[in-house]
Amino acid sequence: MIQSKQEKRFQALSHAVMIFICLMTLIPFIIMISSSFSEETEIIAKGYSVFPRGISLEAYRYIFENAAVVLRAYGVTIFVTISGTALSLVITNMFAYVLAQDKVFLVKPMMLLVVFAMLFNGGLVPTYYVYTQIFHVKDTLIALIFPGLLMNAFNLILVRNYFRTSIPPALIESATIDGCTKFMTYIKIVLPLSLPITATVGLLTGLAYWNDWQNGLYYMTGSKFHSIQQVLRLMVDNVSYLQQAGVTSESMQIPMTTIRMAIAVIAILPVLVIYPFFQKYFVKGITIGAVKE
Amino acid sequence: MTGKKKRKLRWKENIPFYLMALPGLAYLIINNYLPMFGLGMAFQNVNFRKGMFGGDFVGFSNFKFLFSTQEAFLMFRNTIGYNLVFLVVGPVTGITAAIFLNSIRQKYASRVYQTLVLLPHLISYVVISYLVYALLNADAGLVNRVITLCGGEPVRWYAEARYWPVILVLVNIWKGIGFSSIVYLSSIVGISQDYYEAASLDGATRWQQIRHITLPLLKPTVITMTILGLGSIFRSDFGLFYQVTLNQGALISTTQTLDTYVFRGLMELGNLGMSAAAGFFQSVVGFLTVITANAVIRKFSAENALY
């Protein structure tokens, strides 16, 4: 067998390449995590490193004891993610179901509206105008939930295609014959059947809310509803942000370098914890999105 | 029953559908269609207090101003230049990873690799800017520590614009490789095993199989992705160019793109007219390029067209 020796070499090479890529992917995360557990003075003296420099929980202790700003921001992010995702799923799922009924009068023009909105947009200046001058969302929680994120046209079409291909029309028909109203049919029959696609879209939407920082950047001038991403953004090059926000109770030395990294770790923790279990759904979201219908 | 009556009845029957579509439609109108009416702001002396239509009409003078600046040249060069580089390195790195991922026999290992490479795709640019900062920070950054360890001079990365084309391309690869490898992997998995079996019976090596079967069969996917990419050549990833560079003014010559320009004009400089003009250009020309790209795709592989 000449093939098998060659095959073995190729297998080894494949593993080597993938291990290299994975290491490159992971090293920045490892630096972040290990420096959040390091001694502040060590980091300042010797720099960031892949391995923790001395072990210390000082940064995390400080955050939980003093940095009310961080905890509040975490709460804002959790609230926005949960309520935004829930609202988004309701709106998207209902609209997608209607868009799947292409024989119903006016549904085709609706679909056209959706597709056109995917291809053309007003741009940042008019969008900013509409949200700040007409709807006055500045410095409200609505600004973190509403603009841009509430309904994603790609997700909408994903769900619509699922309805068109995976829900047998006979099922709907028999429900109608049994006297079920359209809305009850949707709630009792369609909704349970759409659970798999709803899970995928829900994960993608939740992730988008969790990671969003641009709505905060555009629409938040005060610090009342800063999300965790925004606190991070303001802290990255501004060591005094936490002091400005009034967290320093005493004149104690704040371990800023490690705190920064600790907050970043806290910010990605839910993603890191949830992701491995739902990896399948994320991959599905990418492949059905890329292949389309 | 007359036809008219029948139609009226149907219309009534469908009212639940219209009610269900209402929230989505309302959102679409507020979030997408209302701003479109504001595109005319590009031709006004923009004044937010006077409203979307209230600013004095100034014709093309915003555009004239915009295109006469050195900044305009820089941002167009950067936007197009980065996009062209991304269009090459994206598929190259994605396909490489996909081919190796596909050939791994151990299912468990393959899944672990896939899980890990997709991780950066799930992280916000704010967190990515922290990761980059830990590497490039002038004093404590890992890269400078390694440079000094090797006897070199530390570099002030956030003050030297010339390094950023390389840095941003690397960050883009790092973030995108997981996503694109999964896209290409799903096309590779779709290739019939018969080809490979026939080839190996004829004594083709692994490399020959990749060169003569996998790569040619991936061509339609690559072409589609490339044309789609060309369609959005005037768009840029705001987070990459604004946040990963930490909004450093010293880096603007190599990091300013249309998106960062529009944002800075609107939020930081109060340069509303030129900002609106650049945004208008991006929306309209961007729309035309996407439409063209889609028409091209439709011509030779209709199933890959966007609509």
Side-chain angles (χ1 to χ4, degrees), chain A residues 3 6 10-11 14-15 17-18 21-22 25-26 28 31-32 35 43-44 47-48 91 94-95 97-98 101 104-105 110 113 115 117 119-130 133 150-151 182-183 207 211 213 229 232-233 236-237 264 267-268 271 275-276 279 282-283 286-287 290-291, chain B residues 11 14 16-17 20-21 23-25 27-28 31-32 34-36 38-39 41 48 52 97 100-101 103-105 113 115-120 122-124 126-127 129-131 133-134 140-142 145 177 179 182-183 186 200 205-206 246 262-263 266 272 275-276 279-280 282-283 287 290 307:
Chain A
Q3 289 285 344
Q6 187 214 344
F10 193 76
Q11 282 286 315
S14 303
H15 280 284
V17 171
M18 287 318 297
I21 295 176
C22 289
T25 303
L26 282 186
I31 294 173
M32 178 171 79
S35 48
I43 294 268
I44 289 171
Y48 293 105
I91 295 177
M94 285 200 306
F95 195 18
Y97 181 59
V98 178
Q101 323 291 320
V104 171
F105 181 58
M110 286 183 202
L113 279 181
V115 172
L119 302 174
F120 190 65
N121 63 70
L124 182 62
V125 179
T127 306
Y128 181 80
Y129 176 86
V130 166
Q133 308 294 310
L150 193 56
M151 191 177 71
K182 285 210 162 61
F183 191 67
L207 188 71
N211 281 339
W213 54 280
Q229 302 286 347
L232 273 177
R233 192 181 65 74
V236 67
D237 205 29
I268 62 167
V271 179
Y275 169 55
Q279 186 251 9
F282 284 109
V283 171
I286 293 172
T287 46
V291 180
Chain B
W11 192 88
N14 288 331
F17 283 141
M20 280 163 75
L25 276 176
Y27 183 70
L28 209 57
N31 189 68
N32 298 77
L34 270 183
M36 284 182 206
L39 277 169
M41 288 166 130
F48 270 10
M52 274 203 286
F100 285 119
L101 262 178
S103 62
I104 285 168
R105 291 278 156 77
Y113 296 146
T115 306
L116 291 178
V117 289
L118 193 59
L119 197 55
L122 310 173
I123 302 299
S124 77
V126 175
V127 174
S129 73
Y130 272 64
L131 302 177
Y133 185 77
L142 196 67
R145 294 283 160 160
I177 190 169
F179 184 90
I182 285 172
V183 170
S186 73
S200 63
T205 65
R206 270 287 197 170
L246 299 182
V262 172
F263 174 80
L266 171 68
L272 294 180
S275 195
F280 180 91
Q282 204 181 20
S283 293
F287 176 65
V290 171
Y307 53 87

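Chain letters run A, B, ... following the sequence lines, proteins first, then strands; residues in each count from 1. Side-chain atoms are counted along with the backbone in the values below, which use heavy atoms only and exclude waters and symmetry mates.
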Peer 1: Indicate yes or no: at least one non-hydrogen side-chain atom of Asn14(B) is less than 4.5 angstrom from one of Gln101(A).
Peer 2: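 No, every pair of side-chain atoms sits at 4.5 Å or beyond.
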Peer 1: Restricting to ring pair (Phe, Tyr, Trp, His ring centres under 6.0 Å), what partner residues turn up for Tyr275(A), sequence neighbours left out?
Peer 2: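 Expected list: Phe282(A).
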Peer 1: Testing the basics here: between Tyr27(B) and Leu150(A), what is the closest heavy-atom pair and its distance to 0.1 Å?
Peer 2: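 In this case the closest contact between Tyr27(B) and Leu150(A) is OH-N, 3.3 Å.
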Peer 1: Given a strict heavy-atom distance threshold of 4.5 Å, which part of Phe17(B) is in contact with chain A: side chain, backbone, both, or neither?
Peer 2: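 Both parts, backbone and side chain.
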Peer 1: Check whether any side-chain heavy atom of Met110(A) sits under 4.5 Å from a side-chain heavy atom of Phe95(A), and report yes or no.
Peer 2: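 Met110(A) reaches Phe95(A) side chain to side chain.
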Peer 1: Apply side chain to side chain contact (heavy atoms under 4.5 Å, CB included) to the pair Val125(A) and Tyr129(A), showing each step before the final yes or no.
Peer 2: CA-CA 6 Å; Val125(A) 179; Tyr129(A) 176 86; 5.8 Å; no
Peer 1: Which region of Pro23(B), side chain (C-beta onward) or backbone (N, CA, C, O), has a non-hydrogen atom less than 4.5 Å from a non-hydrogen atom of chain A, or is it both or neither?
Peer 2: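 Both parts, heavy atoms under 4.5 Å.
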Peer 1: Counting heavy-atom pairs under 4.5 Å with chain A, which one of Gly38(B), Ala134(B), Gly279(B) comes out on top?
Peer 2: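 Of the options given, most contacts go to Ala134(B).
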Peer 1: Between Ile123(B), Leu118(B), Thr115(B), which residue shows the highest count of heavy-atom pairs closer than 4.5 Å to chain A?
Peer 2: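 The option with the most such pairs is Thr115(B).
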Peer 1: Quick one: ring pair (Phe, Tyr, Trp, His ring centres under 6.0 Å) partners of Phe263(B), sequence neighbours excluded?
Peer 2: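 By the ring pair (Phe, Tyr, Trp, His ring centres under 6.0 Å) rule, Phe263(B) matches Tyr218(A), Phe238(B), Tyr242(B).
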Peer 1: Which residue out of Ile104(B), Ile182(B), Val127(B) racks up the most heavy-atom pairs below 4.5 Å with chain A?
Peer 2: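 The residue among Ile104(B), Ile182(B), Val127(B) with the greatest pair count is Ile104(B).
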Peer 1: Between Tyr113(B) and His15(A), is the ring centre distance below 6.0 Å?
Peer 2: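 Judged by ring-centre distance (under 6.0 Å), Tyr113(B) and His15(A) do meet the cut-off.
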Peer 1: Between Val271(A), Val104(A), Leu207(A), which shows the greatest number of heavy-atom pairs under 4.5 Å with chain B?
Peer 2: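 Winner by heavy-atom pair count: Val104(A).
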Peer 1: Would you mind telling me which of Pro276(A), Pro28(A), Gly123(A), Ser35(A) has the largest number of heavy-atom pairs within less than 4.5 Å of chain B?
Peer 2: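 Most heavy-atom pairs under 4.5 Å with chain B: Pro28(A).
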Peer 1: What pair of heavy atoms forms the shortest contact from Met151(A) to Gly24(B), and how long is it?
Peer 2: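 The pair with the smallest heavy-atom distance is CE-O, 3.5 Å.
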Peer 1: With a 4.5 angstrom heavy-atom cut-off, is it the side chain or the backbone of Phe120(A) that approaches chain B, or both, or neither?
Peer 2: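 Both parts, backbone and side chain.
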Peer 1: Below 4.5 Å, heavy-atom pairs only: which of Leu113(A), Val17(A), Ile44(A) has the largest tally toward chain B?
Peer 2: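 Of Leu113(A), Val17(A), Ile44(A), Leu113(A) has the most heavy-atom pairs under 4.5 Å with chain B.
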Peer 1: Measure distances from Arg105(B) to the heavy atoms of chain A and classify the residue's part below 4.5 Å as side chain, backbone, both or neither.
Peer 2: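 Answer is both: backbone and side chain atoms of Arg105(B) are under 4.5 Å from chain A.
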Peer 1: Which one wins on heavy-atom pair count under 4.5 Å against chain B: Ala264(A), Ala267(A), Cys22(A)?
Peer 2: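 Max contact count across the listed options: Cys22(A).
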Peer 1: If you compare all heavy atoms of Ala117(A) against all heavy atoms of Met36(B), which two are closest, and at what distance to 0.1 Å?
Peer 2: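 Taking Ala117(A) first and Met36(B) second, the nearest heavy atoms are CA-CE, 4.5 Å.
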Peer 1: Can you name the nearest heavy-atom pair linking Leu39(B) to Pro126(A), along with the distance?
Peer 2: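 Between these two residues, the closest heavy atoms are N-CG, 4.1 Å.
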Peer 1: Measuring heavy-atom distances to chain B, does Gln229(A) have an atom under 4.5 Å in its side chain, in its backbone, in both, or in neither?
Peer 2: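 For Gln229(A), backbone and side chain are both near chain B.
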Peer 1: Where does Leu266(B) contact chain A at under 4.5 Å (heavy atoms): side chain, backbone, both or neither?
Peer 2: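 For Leu266(B), the contact with chain A is made by the side chain alone.
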Peer 1: Flag the one option from Asn32(B), Val126(B), Leu34(B) with the top tally of heavy-atom pairs under 4.5 Å to chain A.
Peer 2: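 Top option by heavy-atom pairs under 4.5 Å: Val126(B).
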Peer 1: Can you tell which part of Ile31(A) gets under 4.5 Å to a heavy atom of chain B, answering side chain, backbone, both or neither?
Peer 2: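 Only the side chain of Ile31(A) comes within 4.5 Å of chain B.
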Peer 1: Can you tell which part of Ile268(A) gets under 4.5 Å to a heavy atom of chain B, answering side chain, backbone, both or neither?
Peer 2: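 Only the side chain of Ile268(A) comes within 4.5 Å of chain B.
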